[in-house]
Each structure stands twice: as C-alpha cells, then as structure tokens.
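Structure, as structure tokens:
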Amino acid sequence: MKLATWNVNSLKVRLPQVIEWLQTQQPDMLCLQETKLSDENFPLDEIADTGYQSVFIGQKTYNGVAILSKLQGQEIITAIPNFEDDQKRIIAATYEDLRVVCVYVPNGEMVGSEKYAYKLKWLPALVAWLREELKKYPKLVVMGDYNIAPDDRDVYDPQLWNGKVLCSQPERDAFGELLSSGFVDSFRLFEQPEKSYSWWDYRMLAFRRNRGLRIDHILLSKVLADSCIACQIDKAVRKQDRPSDHAPVMAVLSA
DNA sequence: ATGGTAGAGGATCTA
C-alpha cells in the first residue's frame, strides 16, 4: 500500500504532472493540496481515465484539497466538525478499514499576523477532531501540507528561520500536540538523507541551492506505523519544467 | 539592491 501527498499549487496547471505521477508511481492514495479549483471545474474525468476515483472540496483561487484513490471513498467529511472556517482545507474519506485525512494547514504568513493567529486557532481544532477520529478509526493516516517544519534538521538554515513562521515554537508545539495524540511522523521512522526537504521557494534559486523546508508530512496512527516499511520524498518531481514548489511525499505500508 | 517567482485574475493577494 502506497500513500502519498503532494501540494500541487494549482491542479489546473499541474494536471499533466499529476497524471504522469499516478501512472509511474501507482499510489493507492494521493492527497492533493492547493488545487485552487471550484468543484465544478475539478478534472474528475481526466483523473478517472487514469484509473483513480476522486473526492474533493475546493474553492475559487485559493486552497482546495482532494484524495485520489483506486477505491471509492466513503464517509466523506469536508471540514473540521464544529469549527467555523470558510477555507477549504480538509477532506477525509474511508477506504475499507483505512481512514485517510488530507490536510492543508494555513500558512500563517508571518508571526504576529492575523493569518498566524488563524493558523494557531486552526491547529488545536484539527487536533481535537483527529483525537475523535482516532477513537473511531485505528487505521488512520493524516497527510498533507502542514506548513510546519517540526525540527531544525527540517530547515536548510535553522538560524535564519529561528522563530519565523513555519518554524516558530507555538507552531512546533501544536505539531507536537498532534503527534502526542497518537501519531508517528513516518519520515522519521527511517534513516534519511541529510538535508531532506519537501518545499523550496520559487525565488532566489532556492531549489538549486537546496534551500528548503520539510513541511509536508505523512502522520500514521500507531497501528499503521507498525506496518510502515518506507517513506521518501520524490525530489525529482521538483526538477521538472513548471514544477509545484512542493515535492510529493510517499509512505509504503506492508500488506 | 529590503530584492526574488509562481498562480489566479485581471489590481493585488497568497504563498
């Protein structure tokens, strides 16, 4: 079983790359973030032609999430329950006994900004909901763009980024709260290359210089973590023409 | 040099 997540930064622009990636990697589930599409414009048929079902929730211009899978998703949820939010950042679906949650955590813009306050309000709401999900679904995977680099080794220049958005202590604490609720960062179950990142700014030749952050994560419930045999970032995708600024992350479960 | 790029939409906003 291959589980993957990719912030595509416009599914309209990236659709050919997504279809090619589905065909070559054959993931069982692919979570997408920043589709930036209204639901009526979602490329359902093109994706179906590749052999994948889609569940999605989007909006014009910003945000938007989807789960592509070879199976049809059930028990679909498209928002955090009991949390007022206009932005489309969450979709969850059940595939047999596997519960998949796709998340696009707010970016936060800058420490102290209104968007940062929204991020710090959004994250505990996510954690509270996922604690309930975990009670219902022992086999739970939560993957997506968390917009949080959990540790200094996930940052190309920790001094420069110290206390900045994506790295600030309140954000890292919120991520820690999520982990301590019963999740494991699948990437850190394994030995990984030094300076492994999942996002590189489009500006300043950041990718060529490997000035990146690891902010896209696949979190597994304990039951799933026990069967995880690999996790890697597909950095080659970021080298393509007209790439997303994020690379896909993929975890492999046995059986 | 307080910069730079990409996407959406059609002037800025978001990342």
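Please read these numbers as outputs of a predicted model, since none were measured by experiment.
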Side chain of [X] only, heavy atoms from C-beta on: which candidate in [options] is closest?
| X | options | result |
| --- | --- | --- |
| A/T61 | B/dT5, B/dG9, B/dG7 | B/dG9 |
| A/Y62 | B/dC13, B/dA15, B/dG9 | B/dC13 |
| A/N107 | B/dA15, B/dG7, B/dA8 | B/dA15 |
| A/M204 | B/dA15, B/dA8, B/dG4 | B/dG4 |

Report the residue (A/R14 or A/H246) whose heavy-atom-nearest nucleotide on DNA chain B is the more 5′ of the two.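 First, find each residue's nearest nucleotide; the 5'-ward one identifies A/R14.
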Mapping A/R203 and A/Q87 onto DNA chain B by nearest heavy atom, which one lands closer to the 5' end?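 Residue closer to the 5' terminus by nearest nucleotide: A/R203.
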Taking atom [atom1] in both [N] and [M], what distance in whole Å separates the two?
| N | M | atom1 | answer |
| --- | --- | --- | --- |
| B/dT5 | B/dA11 | P | 22 Å |
| B/dG3 | B/dG9 | P | 26 Å |
| B/dT2 | B/dA8 | P | 29 Å |
| B/dG4 | B/dT14 | C1' | 16 Å |
| B/dG7 | B/dA1 | C1' | 26 Å |

[N] [atom2] sits how many Å from [X] [atom1], rounded?
| X | N | atom1 | atom2 | value |
| --- | --- | --- | --- | --- |
| A/Y116 | B/dT14 | OH | P | 18 Å |
| A/L37 | B/dG9 | CG | C1' | 14 Å |
| A/N147 | B/dT14 | CG | C1' | 11 Å |
| A/N41 | B/dA8 | CG | C1' | 12 Å |
| A/W199 | B/dA15 | CH2 | P | 12 Å |
| A/L205 | B/dT5 | CG | C1' | 10 Å |
| A/R89 | B/dT14 | CZ | C1' | 10 Å |
| A/D245 | B/dG4 | CG | C1' | 14 Å |

Between A/E34 and A/N7, does the side-chain hydrogen bond (donor to acceptor under 3.5 Å, both in side chains) criterion hold? Intermediate values first, please. CA-CA 6 Å; A/E34 284 203 90; A/N7 179 324; 3.0 Å; yes
A/E194 CD: over 12 foreign heavy atoms closer than 6.0 Å: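 For A/E194, atom CD is not crowded (no more than 12 foreign heavy atoms under 6.0 Å).
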Determine the interplanar angle of the A/W200 and A/F207 rings, folded into 0 to 90°, and report it as parallel if under 30°, tilted if 30 to 60°, perpendicular if over 60°.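 A/W200 vs A/F207 ring planes: perpendicular.
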Does [X] put a side-chain nitrogen or oxygen below 4.0 Å from OP1 or OP2 of [N]?
| X | N | answer |
| --- | --- | --- |
| A/R242 | B/dT5 | no |
| A/K12 | B/dG7 | no |
| A/S10 | B/dA8 | yes |

Does a donor on one side chain sit under 3.5 Å from an acceptor on the other, for A/K60 and A/N41?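 No, because no side-chain N or O of A/K60 sits under 3.5 Å from a partner of the opposite role on A/N41.
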Say whether A/Y95 and A/D28, considering side chains only, have a donor N or O and an acceptor N or O under 3.5 Å apart.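 No, because no side-chain N or O of A/Y95 sits under 3.5 Å from a partner of the opposite role on A/D28.
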Which is true for A/F207 with a 4.0 Å heavy-atom rule: it touches a base, it touches only sugar-phosphate, or it touches nothing?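 Nothing, no nucleic acid heavy atom in range.
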Going by atom type alone, with no hydrogens or angles, which donor-acceptor pairs under 3.5 Å involve a side-chain atom of residues 153-162 of chain A and a protein atom two or more places apart or on another chain?
from	atom 1	to	atom 2	distance (Å)
A/D154	OD1	A/R188	NH2	2.6
A/D154	OD1	A/R214	NE	2.8
A/D154	OD1	A/R214	NH2	3.3
A/D154	OD2	A/D151	N	3.0
A/Y156	OH	A/W161	NE1	3.3
A/D157	OD1	A/Q159	N	3.3
A/D157	OD1	A/L160	N	3.1

